[in-house]
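Quick notes on the structure that follows.
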Amino acid sequence: MNLDAFPEPVANVKRTLNALGAEDTVTVFDSKVPTAAAAAAALGCDVAAITNSLVFNLEGVPLLILASGAAKVDVHKVAAQLGTGRIRRASPEFVLEHTGQEVGGVAPVGHPEKLRTLLDESLKDHEVLWAGAGDHNSMFSITYEDLHRITGAEELQVR
């Protein structure tokens, strides 16, 4: 597999998908798809089937929440379920430092180190999910079961 044609964050996602035994379904678009709405429009799917990879700052430690594009994460509800302190939206610099990917293109996998990950249970409602693949122009498709398996995420209601 020649990964030289891909930006490094996308190549990392492709390598990780292969290493974890998931199908490499990375699709690269001609234009940017940095939001769930833009991705859904480009893919012709429901915005709820878009898996947003949202990085939060939990007392200085990254927390990755894989949430439906139709969901607004309730950080108070998540913190209460986890029994943790305050969860804050991470700065773009914090996201890049911990994922190697920019906000709007963060993938569920392909980070320098494994991140604690939560998976929005509402994503189960969709046969096929689409997630960012490391940059603003790339997405990959995956089933809920495979996404859960490759991320090792804790399933949770996030809204």
Side-chain angles (χ1 to χ4, degrees), residues 6-14 16-17 20 22-58 62-79 81-82 87-111 114-159:
F6 298 94
E8 191 57 28
V10 178
N12 285 340
V13 170
K14 291 171 78 61
T16 303
L17 289 171
L20 295 172
E23 187 177 350
D24 177 353
T25 59
V26 173
T27 301
V28 179
F29 300 94
D30 292 332
S31 58
K32 293 182 177 187
V33 288
T35 65
L43 292 163
C45 71
D46 187 336
V47 72
I50 301 297
T51 304
N52 283 334
S53 298
L54 306 171
V55 179
F56 292 86
N57 184 329
L58 176 59
L63 175 66
L64 178 62
I65 300 180
L66 306 176
S68 167
K72 178 166 176 22
V73 174
D74 181 339
V75 293
H76 302 294
K77 180 176 185 172
V78 171
Q81 291 177 84
L82 296 179
I87 297 172
R88 296 177 286 124
R89 181 71 71 145
S91 70
E93 298 79 20
F94 185 90
V95 172
L96 184 60
E97 175 187 349
H98 292 283
T99 68
Q101 304 161 0
E102 294 180 356
V103 171
V106 176
V109 296
H111 313 129
K114 182 152 176 45
L115 304 179
R116 181 177 186 186
T117 305
L118 307 178
L119 181 57
D120 179 357
E121 291 180 332
S122 75
L123 289 167
K124 283 183 188 175
D125 297 340
H126 304 280
E127 192 172 317
V128 175
L129 301 173
W130 286 90
D135 73 3
H136 294 120
N137 292 73
S138 305
M139 303 281 295
F140 71 94
S141 63
I142 193 163
T143 64
Y144 180 90
E145 293 77 18
D146 274 347
L147 184 60
H148 183 237
R149 178 182 62 78
I150 69 170
T151 60
E154 302 167 56
E155 295 174 291
L156 206 66
Q157 291 183 0
V158 301
R159 59 181 170 153

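Put simply, the side chain of Leu156 reaches to within 4.5 Å of the side chain of Leu82, judged on heavy atoms. Counting heavy atoms from C-beta on, the side chains of Val33 and Met139 come closer than 4.5 Å. Put simply, the side chain of Thr16 does not reach to within 4.5 Å of the side chain of His111, judged on heavy atoms. Counting heavy atoms from C-beta outward, Val75 and Arg89 have side chains that stay 4.5 Å or more apart. Here the side chains of Ile87 and Val73 are not in contact, with every heavy-atom distance at 4.5 Å or above.
Side chain of Asp135 to backbone of Ser138: a donor-acceptor contact under 3.5 angstrom is found.
Scanning all heavy atoms of the two residues, the minimum distance from Gln81 to Gln157 falls at NE2-O, 2.7 Å. In plain terms, the two heavy atoms of Asp74 and Arg159 that are nearest each other are CB-CA, 4.2 Å. The minimum heavy-atom distance between Gly110 and Gln101, with the atom names listed, is O-NE2, 3.6 Å. Residues Ala11 and Phe6 approach most closely at N-CB, 4.1 Å, considering heavy atoms. Counting all heavy atoms, side chain and backbone alike, Tyr144 lies closest to Asp120 at CE1-O, 3.7 Å. Smallest separation of non-hydrogen atoms from Pro108 and Leu64: O-CD2, 3.7 Å.
For the atom pair CZ (Arg88) and CZ (Phe56), the distance works out to 11.5 Å, reported to the nearest 0.5 Å. With rounding to the nearest 0.5 Å, the separation of CG in Leu20 from CG in Asp24 is 12.0 Å. Once rounded to the nearest 0.5 Å, the distance linking OG1 of Thr25 with NZ of Lys14 reads 8.5 Å. Note that the CG atom of Leu17 and the CG atom of Asn12 stand 11.0 Å from one another [nearest 0.5 Å]. A distance of 5.0 Å separates NE2 of His126 from OG of Ser68, quoted to the nearest 0.5 Å. Atoms OG1 and CD, from Thr117 and Glu155 in turn, are 12.5 Å apart once rounded to the nearest 0.5 Å.
Atom NZ of Lys124 has more than 12 neighbouring heavy atoms from other residues, nucleotides or ligands inside a 6.0 Å radius. More than 12 heavy atoms of other shown residues, nucleotides or ligands fall within 6.0 angstrom of atom CD in Glu121. More than 12 heavy atoms of other residues, nucleotides or ligands lie within 6.0 Å of NZ in Lys114, so this atom counts as buried by the packing criterion.
Applying the side chain to side chain contact (heavy atoms under 4.5 Å, CB included) test between Leu66 and each of Asn52, Leu118, Val158, Thr151 identifies Thr151 as the sole match.
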